[in-house]
Amino acid sequence: MKVTEKEVSYVADLANLELSAEERNRMVRDLNSILGYVESLNELDTSDVAAMAQVSDRYGVDQSKKGSERFAYASRDDVHEGLRKSFPREVALANAPDTDGTFFEVPKVIER
Amino acid sequence: MNLTGLTIDSARSAVAERKTTATALAENFFAKIASDDPKIGAYLMLSKERALAKAADIDRLAEKGEPLPPLAGVPVGIKDVLVTKGVRSTAGSKILGNYVPPYTGTAVARLEAAGAVVLGKLNCDEFAMGSSNENSAFHPVHNPRDLTRVPGGSSGGSAAAVAADMAVATLGTDTGGSIRQPASFCGVVGLKPTYGRVSRYGLIAFASSLDHIGPLTKTVQDTAIMLRTIAGRDPMDATSADVPVPDYAAEIDRPIQGLKVGIAKEYFGEGLESETRSAVEAAIQRLASLGCEIVDVSLPHTKYAIPAYYLVATAEASSNLARFDGVRYGFRAKGAGSLSEMYRRSREQGFGSEVKRRIMLGTYALSAGYYDAYYLKAQRVRTLLTRDFEEAFTKVDAIVGPTCPTPAFKLGEKVDDPLAMYLADIYTVTANLAGIPGISIPVGANKDGLPIGMQIFGKHFAEAMILRVAYAYEKAA
């Protein structure tokens, strides 16, 4: 077993998930089964292989450029020309579970 | 005239030549959905009022004899992970059960601008996570070819609606095979374009570097027409590519003699069911008889595709799905005493089990101490898998193989075994990691009448070529 119940609880905390005891047990089983399977990746020596985060690395990118310059071709026009217009407040709030009409409302964050 | 059996061109011509009206077309489709969808479950909601208003606009143009747009009056369905202004968009999840988007995604907007009539939103696995459509928070979809079987996933509703004549064409999304696999299971055509070919603006994100939008249709020509309509640079998606969009349908009939078609032995190994193998091999023989040169190629890292995919996809998903916190939109759990308790309970009650499993796996793969071993390792293997294709495409124009190792499986067969379910994507995930285009076309059926699909891959932006190969096969078959 690679992943223990304690680790599952820790990861659930990181992910803001509150798992039931039954879900936790099932998660220990499933994560171990999947992680056991992905173990096969270690058969490959990748020490000299670059990581690929996105497909556009493989086309359209000027390899001679560095850092964010490489992806300048993908800059958004609307950001170039200043921020685009926001939704009116009532549209932005229309799907909110709780609002006072001006702000999103949430349970108290700081106790005093 | 059987209005619900029409293709895009025949539907548009029928409206343009006044043999029918866009309104009659839409009404016929709604009647078909009312009678047949209760046993299939492809639609999550219908946008009847909006569809009939749009159809009436088209009919007014036709009456005046004005030129009609390319998809005038064509009834389409949209996978529910694509947002539609004013029409509930749930991503198949309870956490977005009441979400009514304030904007429409680019691909849908382009279809509507071209005259298409949106009938409604199609069922799918929750957040497009699944290979059977059984992870929908609302109800499963039944395969129209055999109601005891799954339609595939995650775009199960999109494939089933086309197969059952409940839409002329649909939009789906494909993160690891979610267009091609259901197209194969339901016996329709499904295309995953090149990454960047179609804007993702308005797609509720699962894994941003792997998500693609594409069409599902009855014919290859219809797929070509749909792709031309939705493709092209969009300032709202920084990853949409500034590459010209050809008239795919106009080029589709060009001969395929002399094209080199690659066969990778890794796609014909263990696990491939014998009837599927025979059907695909027969289809390859057909391509040879049409003048293609069949060439053996190797994609040596194929067996590492599923492990690499499930690490990259879940890592991106854990990040993308962090936005569902019950604050600005979506479900909020009642009775939480603190903000963090509200977050946790809303996500616990709002997400289904497969979504939680993937968030957990992705969070684990990104967490301190495991990042290099899992996420970074998977990204390096992604490079190797992409190089496999790049090397093969120095020798061949296209690569063909089965879309799936088996035809549609039974509902319930794999729900308790996530790993078995993931393996249904074994021939499809690599194209998402590499970002190359792939199309699945029907190439026959097994002895029980279940459809079998063949997949054709091309280089980045080689959609015109794979559509030509698919069309030549379809015409000859």
Side-chain angles (χ1 to χ4, degrees), chain A residues 3 7-8 10-20 23 26-27 30-31 33-35 37-44 46-47 49-60 71 73-80 84 87 91-98 104-109 111, chain B residues 98-100 102 195-196 209 235-236 238-239 241-242 301 303-304 307-308 310-311 318 322 325-332 336-345 347-348 351 353 356-357 359-361 363-364 367 374 376-384 386 390 418-419 434-435 460-461:
Chain A
V3 186
E7 270 185 303
V8 163
Y10 167 69
V11 174
D13 260 0
L14 290 178
N16 270 322
L17 286 171
E18 191 181 86
L19 302 177
S20 67
E23 279 181 314
R26 168 122 204 213
M27 206 63 88
D30 289 347
L31 288 191
S33 142
I34 298 165
L35 289 169
Y37 176 70
V38 306
E39 208 57 28
S40 69
L41 294 182
N42 293 325
E43 295 164 12
L44 296 169
T46 53
S47 44
V49 182
M52 178 175 166
Q54 55 172 326
V55 172
S56 42
D57 270 335
R58 314 305 290 193
Y59 63 77
F71 296 97
Y73 74 94
S75 300
R76 278 170 46 166
D77 302 342
D78 58 328
V79 176
H80 262 217
R84 79 191 124 103
F87 284 125
V91 174
L93 291 174
N95 278 290
D98 199 3
F104 298 109
E105 291 203 335
V106 295
K108 199 183 272 183
V109 183
E111 296 289 336
Chain B
N98 295 313
Y99 178 61
V100 181
Y195 188 80
S209 83
M236 302 306 282
T239 62
D242 197 4
H301 296 96
K303 70 168 177 165
Y304 303 105
Y310 274 93
L311 290 170
S318 74
D325 57 7
V327 175
R328 291 150 302 150
Y329 43 74
F331 169 79
R332 176 187 292 192
S338 71
L339 184 64
S340 71
E341 193 175 79
M342 192 272 283
Y343 291 156
R344 288 204 305 270
R345 286 197 190 166
R347 290 163 64 79
E348 162 64 12
F351 289 138
S353 59
K356 285 184 221 170
R357 191 179 294 125
I359 291 175
M360 288 290 292
L361 180 60
T363 306
Y364 181 81
S367 65
Y374 291 108
L376 201 60
K377 181 79 186 183
Q379 282 192 318
R380 294 185 198 277
V381 176
R382 184 177 187 179
T383 300
L384 295 176
T386 305
E390 287 167 350
L419 205 49
H460 293 126
F461 299 102

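Sequence lines set the chain letters: A, B, ... in the order given, protein chains first and strands last, and positions in each chain run from 1.
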Which pair of non-hydrogen atoms, one from [X] and one from [Y], has the smallest distance, and what is that distance?
X	Y	answer
Leu376(B)	Ala51(A)	CD1-CB, 4.0 Å
Lys303(B)	Glu43(A)	NZ-OE1, 3.5 Å
Ala53(A)	Arg382(B)	O-NH1, 3.4 Å
Asn98(B)	Asn95(A)	O-OD1, 3.8 Å
Leu17(A)	Arg344(B)	O-CD, 4.1 Å

Are Asp325(B) and Asn16(A) close enough that some pair of their side-chain heavy atoms sits under 4.5 Å apart?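 Asp325(B) does not reach Asn16(A) side chain to side chain.
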Got Val55(A) and His460(B) here, is their nearest side-chain heavy-atom distance under 4.5 Å?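 Heavy-atom side-chain distance check passes, below 4.5 Å.
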Under 3.5 Å, is there a donor-acceptor pair between the side chain of [X] and the main chain of [Y]?
X	Y	value
Arg347(B)	Ala15(A)	yes
Arg332(B)	Pro97(A)	no
Thr363(B)	Val11(A)	no
Lys377(B)	Leu44(A)	yes

Chain B interface, residue from Leu31(A), Leu35(A), Leu19(A) that has the most non-hydrogen pairs under 4.5 Å: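 So the answer, after comparing Leu31(A), Leu35(A), Leu19(A), is Leu35(A).
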Using heavy-atom distances under 4.5 Å, tell me whether Leu419(B) contacts chain A through its side chain, its backbone, both, or neither.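 Contact with chain A: side chain only.
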Interface moiety of Pro418(B) toward chain A, non-hydrogen atoms closer than 4.5 Å: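 Answer is side chain: those atoms of Pro418(B) sit under 4.5 Å from chain A.
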